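Worksheet for the structure shown next.
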Number of protein chains: 8
Amino acid sequence: MIANKDTILFAGDSTTDADKKATFMELGNGYVRLIFHFLRAFRPENKYHLVNAGVSGNTSRDLLARWEQDVLAKKPDVVFCMIGINDVWRHFDTFEKEEYYVSLEEYERNLEEMAERSKEVREFVFVSPFFMEGNRTDAMRQMTERYAAVMKRVADRRGLRFVDMQAAFDKFLQHRSGISISCDRVHPGDTGSMIIARRLLEEMNIG
Amino acid sequence: MIANKDTILFAGDSTTDADKKATFMELGNGYVRLIFHFLRAFRPENKYHLVNAGVSGNTSRDLLARWEQDVLAKKPDVVFCMIGINDVWRHFDTFEKEEYYVSLEEYERNLEEMAERSKEVREFVFVSPFFMEGNRTDAMRQMTERYAAVMKRVADRRGLRFVDMQAAFDKFLQHRSGISISCDRVHPGDTGSMIIARRLLEEMNIG
Amino acid sequence: MIANKDTILFAGDSTTDADKKATFMELGNGYVRLIFHFLRAFRPENKYHLVNAGVSGNTSRDLLARWEQDVLAKKPDVVFCMIGINDVWRHFDTFEKEEYYVSLEEYERNLEEMAERSKEVREFVFVSPFFMEGNRTDAMRQMTERYAAVMKRVADRRGLRFVDMQAAFDKFLQHRSGISISCDRVHPGDTGSMIIARRLLEEMNIG
Amino acid sequence: MIANKDTILFAGDSTTDADKKATFMELGNGYVRLIFHFLRAFRPENKYHLVNAGVSGNTSRDLLARWEQDVLAKKPDVVFCMIGINDVWRHFDTFEKEEYYVSLEEYERNLEEMAERSKEVREFVFVSPFFMEGNRTDAMRQMTERYAAVMKRVADRRGLRFVDMQAAFDKFLQHRSGISISCDRVHPGDTGSMIIARRLLEEMNIG
Amino acid sequence: MIANKDTILFAGDSTTDADKKATFMELGNGYVRLIFHFLRAFRPENKYHLVNAGVSGNTSRDLLARWEQDVLAKKPDVVFCMIGINDVWRHFDTFEKEEYYVSLEEYERNLEEMAERSKEVREFVFVSPFFMEGNRTDAMRQMTERYAAVMKRVADRRGLRFVDMQAAFDKFLQHRSGISISCDRVHPGDTGSMIIARRLLEEMNIG
Amino acid sequence: MIANKDTILFAGDSTTDADKKATFMELGNGYVRLIFHFLRAFRPENKYHLVNAGVSGNTSRDLLARWEQDVLAKKPDVVFCMIGINDVWRHFDTFEKEEYYVSLEEYERNLEEMAERSKEVREFVFVSPFFMEGNRTDAMRQMTERYAAVMKRVADRRGLRFVDMQAAFDKFLQHRSGISISCDRVHPGDTGSMIIARRLLEEMNIG
Amino acid sequence: MIANKDTILFAGDSTTDADKKATFMELGNGYVRLIFHFLRAFRPENKYHLVNAGVSGNTSRDLLARWEQDVLAKKPDVVFCMIGINDVWRHFDTFEKEEYYVSLEEYERNLEEMAERSKEVREFVFVSPFFMEGNRTDAMRQMTERYAAVMKRVADRRGLRFVDMQAAFDKFLQHRSGISISCDRVHPGDTGSMIIARRLLEEMNIG
Amino acid sequence: MIANKDTILFAGDSTTDADKKATFMELGNGYVRLIFHFLRAFRPENKYHLVNAGVSGNTSRDLLARWEQDVLAKKPDVVFCMIGINDVWRHFDTFEKEEYYVSLEEYERNLEEMAERSKEVREFVFVSPFFMEGNRTDAMRQMTERYAAVMKRVADRRGLRFVDMQAAFDKFLQHRSGISISCDRVHPGDTGSMIIARRLLEEMNIG
């Protein structure tokens, strides 16, 4: 799926960003950094150009607004787009500010628009948002699943790849609570970044 | 319930502590501070001596270990003892370290021992731990309720007052999620401290 | 007096400001923050939008100069305007700089102008300046009372609400000196903010 | 009154201390520093050894407790002892903590004891506490005057010099309010330090 | 090779240490941290206790001196011991200080002694030092190889496992220079830590 | 010489500036601050407006360049202009940079020009530069005297007051070395500021 | 070669720069500073103007781009141009980024262009790049030698002076490894700066 | 004079110390550092152990008090002892504190004692104090010369080497003022350190 000299771009929110401004080559401290060093370490014969295009706090609305500048302008060969958890989260943590909510309908339109504008990209992969809560009656988990289902629908409609990242975490959640990873059940920290990185490398047929 | 010149002590964990070492008179930034200023503002004719005896991260085991020095040595007239959420939480966030778990049985023994040693205290009040999660099937909420029930049993057995703080929060949780207060659903922040302070002032017949 | 979804604005000086630039949602560390969390805690079913429009050091002249931008532009439904102590104080603490004095006549004109421009505001409340000194022969207390009387006259003339905040503090000052709150007898600190917050909530019929 | 090679010591509270630990030769930023440089500048032919023995927050009780170590151990030829404003102030600013109050009786005993132990000192001068408030009905001013009167009584009884520092400030207070110097009317700042320094140099027959 | 509830200890120098004092659970920022999170992420049903016993700058002499306290006292089930690069490096970078050199003979004795004292450890693994230089005529590479050969001899003699870490890096060095990892060719950084972590997980039969 | 409500301006170099940007009312830490507080303390019935127009490092060339903006624009009633030591000093401390030298001829022209432009000022006083070195054969002292003589000549020619500040310091220098004040013999520190302040107050007929 | 009042400019990379922005007169902490103080100390009768025109990280491409502004605009009488090690190094340390490589052909063109534009300079000296590695089979050493040979060719072709700095270091490398100076074998530190400074002073016929 | 593997110790005051605690190998930023790197750079075949035994502010009295611990305990082969400028300086800069003065007689005794205790040292060199003032009528220069003469007398009496460092500086002072090096004419800075280092290397027959 990936080839020597490819530019591989990861679009997303804080899970992708991971404080990138403060880090080496702006890779962040999360899964993008793990993938970068894995590729360097075990594919030394190839050169990949990795771009961290995550911005903390982004909803799909925010990401769409910077799509030209932060994604297309980099001329990526491969794009992984993992977005949506903030679209959901704002309904729960900022009760007063309804202007921050992104509805399911808007989310679908935003994803459609991203895909539409990215037809030049050789490999475009939608990666589902996930919530590190094993209780399936939890209100925020349920809303996250509805958004993920919409993402899958968009991917299917357009014949794009879709990675079910919630499923990758559910193996972990069978044995441990999400708050053993982070107290907000959203930020994956080192352990969760490992899960994401491995799942995406698998998707690239590397491991 | 409280009288002029009383020493009123609040024993607990981080919810009580609230970074007390960094603050004026070591009152912390939480509910103890609110109660202190409320009493000053509206009972200026009286003098109360308030003591913040909370320590962040404490379980009932930790609190019991410092009971002589941090509680009894202050010769309090009134004690509010709100403890237990860390006894519960450690089962969820530190999976590897079983030595940090406090079982329901040990919790009961710890509370019994605190009450036993405090017979000289004029007014001793147990205040239940609470978890700011409205979903009653949530595993951590359920465990918190079991610990609160044990606390009530100890209070009843000894004829001590018991404040059901979870109930005070449930009014709030009918309308908003707990993560609108704090992402970990444990630390009450300014809004939750307001709920606690008012409930305890009510218990003191002040308001 | 207040209703769901109202924008409630507090115009004033340092007592209102309370270092707002350094704080969460620019609410400051004073009475506005207390009111915000009280409303959140005990009216969780409603959404209020609170605006701290205090600026440290402001006289009525300074506040008037920023009235369009800092008050009207926010489109408030309710305005509490507590101003005047700096108009008085400058006569006492900056002896050399007469250009900073605001005379009683100018004060009256400034308040008139604020009221005149605010006819669109549903509820407009003047809140008197106060000086935390119980000795009625104190020169600064006497001048503060003259300014408060002028504010009341403006409010009466225009049929606006008027809150006598000095009266709220005088209950406290019967029992304790003002310097037990703060050495300058102007800044209310935590205790005085509690007095202000409760008095204003009362004015909103909440408590 | 002072002679070449004398050790001249100033005992007192924050007015004397003036942040001495942070300053050149631990002279502080107050009147002691002014006197030091005045003597250097205009008596260059002599060598004086000045000691700042002020400690912020001290009452007469605190000063007495460190008399041996901080005063007598320096073997001073001349001592200026200005103490008492904190004995008074604590009655007004720390309402809850009665243990900090120093009564008029204890104050008298403390001064007697200081004088008694200092018989070896060639010149011992009591300097009255002062409160920068011109209103003679002010409760704290009145209490300060009572303490100053006691100090004068002790000085007279023992044939020691007494400097009425309140009188030196009253000339200023005829024209300006005390809060033009500092908002707490206790700390003299640069202007008040000038008044103190000049009055004490006058007492030394230098000017 | 490893089992649920095992304590797994990594003894070594800065490559192992990786600034552990400043990090979460003192795991460091290197390969130990990667192994920790890999095990958590993909073996959530098990609990492992990992101990970082690396100290920056250590030679085999330094490590031996702290063997009781830092290794045996932790009662490890499994020990990985990677040491020796500083024994070599000191010959090259601190020309003046011969007292820092560890000779090949002493190195052998130190390793023997570590092994001898560790007979209670269930799994003891020697991991060779490595130098990230592909030029086999490089003087420091040649000396590193001689030390690694001695380590292998000790392991063979005692029937202990031996991991040839230089070999793991040589695959990388066929394609890229060692200074693309770090300018000193000793500290592995993120890329080299990935190589080490994967090689050791392989040794544990995990991957 | 000075009257109530006068604006009194001090033009000069670092001796005047004394780190003014970091200080209260930009008075600096030098003689201007001493004069300000002296006037406040002992002329409380009057209001004076003092302006510190010193800039560290200024030669007469630099001061002339900012004369309109920093001096005349303040509309001073009284100006004290003490300048010239840097004109001299640059010949000694920056050997390589001849472009920084101000010759005696240019110095005279600069002073003439300042005086010429300041005819509207009620009282204009030239204050001589000084060098705290008692040895009259010292090369820098001799050059300073030549510049001071030129300043006197300009003052005499125009009928302006002239203060011989070197003379004020020479009394001190009879008894102590200049390096007891500061190691560079230029910056007057606290002791020298006292000498300057007193001499200028004398010139104002205040003392 | 150099004369009184000459402007002597050093163009280069980090070896020349040596953190100049943080230092006195922007001389840096390297060899330029040593030369500056040597000339001051032992040629006090002359005035030289030294310019540090090094910028960290520069290749010949970067240096050429700023040649007008950073070199010619200073109107130097003498130029020492030591550049090229980064042209080489980028091939080894930034494997992914081929856009940073400067080929031997481009290096030659860049040097030609610098020389061409500098015909007005009285003395123009090319100083070879050097690599502190004594092993002549080392790949980076070999590439450095090829670049140095090109520089010599350019110098010879144009009749300019050429300093073989590698030779100056080789005397040192006979006895000690380059990593005893710095772990990257590129940055000369204090010891290497001494070697460079002495070699260049020799070139100026000073020593 | 010096040989391979020698320990060479420099005893002195701030000129030697040069902020050593903050620097690499505690060499300081002064002449000792220059000598260290010069020896490394141009005698790479030898190993010298250099010890900076300077302490800022030291007089001969202070240096003698730490002679055993700071000098003899290092077992030096060669000692350079440059001391005395603070013995002189204290007479000029700390007028009030006579206890800090070291008289000419005591200075002589202190030097004698140092020499007496150092008979085991192979090469012991006295280095004269110096004052960077060219005017021979300057009081401090004259006193410095008297102390240097005493040092020479001690050296001659005991047959020890003596370096006249004032002479080394006088060459410089013929052309430039001492304050072009540093405003206090005592601290040599980079330029003066160069003069000292070269003179001492000359004494060691290295250059």
Side-chain angles (χ1 to χ4, degrees), chain B residues 4 18-19 22-48 50 130 132 134 165 167-183 187-202 206-207, chain C residues 4 18-19 22-48 50 130 132 134 165 167-183 187-202 206-207:
Chain B
N4 190 12
D19 200 19
T23 61
F24 173 66
M25 291 178 62
E26 303 212 342
L27 291 167
N29 287 315
Y31 73 88
V32 180
R33 175 187 175 194
L34 290 171
I35 292 173
F36 174 84
H37 290 292
F38 193 94
L39 289 175
R40 263 188 144 192
F42 303 115
R43 292 295 180 274
E45 63 279 18
N46 290 340
K47 299 180 182 188
Y48 302 107
L50 269 65
F130 58 89
M132 297 184 297
M165 195 55 83
F169 276 90
D170 281 345
K171 292 181 207 163
F172 178 91
L173 294 168
Q174 285 169 17
H175 300 283
R176 302 197 185 196
S177 73
I179 57 181
S180 71
I181 285 186
S182 80
C183 67
H187 291 96
D190 281 354
T191 302
S193 293
M194 202 67 95
I195 293 173
I196 300 169
R198 199 186 200 194
R199 182 63 191 82
L200 295 186
L201 283 164
E202 210 177 281
I206 290 181
Chain C
N4 190 11
D19 201 20
T23 61
F24 173 66
M25 291 180 62
E26 301 212 345
L27 290 168
N29 288 315
Y31 72 88
V32 179
R33 175 187 175 195
L34 290 171
I35 292 173
F36 175 84
H37 290 292
F38 192 95
L39 290 175
R40 265 188 141 193
F42 304 113
R43 293 291 181 276
E45 63 279 19
N46 289 341
K47 299 182 180 187
Y48 301 108
L50 268 65
F130 58 90
M132 296 183 297
M165 195 55 83
F169 275 91
D170 281 346
K171 291 180 206 164
F172 178 89
L173 294 169
Q174 284 169 18
H175 299 284
R176 301 198 184 194
S177 73
I179 58 182
S180 71
I181 285 185
S182 79
C183 67
H187 292 97
D190 281 356
T191 302
S193 293
M194 201 68 93
I195 293 174
I196 300 169
R198 199 186 201 195
R199 181 65 190 81
L200 296 185
L201 284 164
E202 207 178 282
I206 290 180

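Only this structure's heavy atoms are used, side chains among them; waters, hydrogens and symmetry mates stay out. Because the structure is a prediction, the values reported are computed rather than measured. Every chain is numbered from 1 and lettered A, B, ... according to where its sequence line falls, protein lines coming before strand lines.
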Subject >> Atom of Lys47(B), atom of Arg176(C) and distance for their closest heavy-atom approach >> reply: CA-NH2, 4.5 Å
Subject >> Taking every non-hydrogen atom, the tightest pair across Pro44(C) and Lys171(B) >> reply: CG-O, 4.3 Å
Original post:
So how far is it from Arg43(C) CZ to Phe172(B) CZ, rounded to the nearest 0.5 Å?
Top reply: 13.5 Å
Original post:
Out of curiosity, Met194(B) CE to His37(C) NE2, how far, rounded to the nearest 0.5 Å?
Top reply: 7.0 Å
**OP:** Using non-hydrogen atoms and a 4.5 Å limit, figure out which bit of Leu34(B) sits close to chain C: side chain, backbone, both or neither.
**Re:** both
**OP:** Might you point out which heavy atoms bring Ala41(B) and Ile195(C) nearest each other, and give the distance in Å?
**Re:** CB-CG1, 3.6 Å
Original post:
Nearest 0.5 Å, what's the CZ-OG1 distance between Phe36(C) and Thr191(B)?
Top reply: 6.0 Å
Original post:
What part of Leu39(C) is in contact with chain B, defined as an atom under 4.5 angstrom from a non-hydrogen atom: side chain, backbone, both or neither?
Top reply: neither
**OP:** Would you mind checking which part of Arg40(B) comes under 4.5 Å of any heavy atom in chain C, side chain (CB onward), backbone (N, CA, C, O), both or neither?
**Re:** both
Original post:
What part of Phe42(B) is in contact with chain C, defined as an atom under 4.5 angstrom from a non-hydrogen atom: side chain, backbone, both or neither?
Top reply: side chain
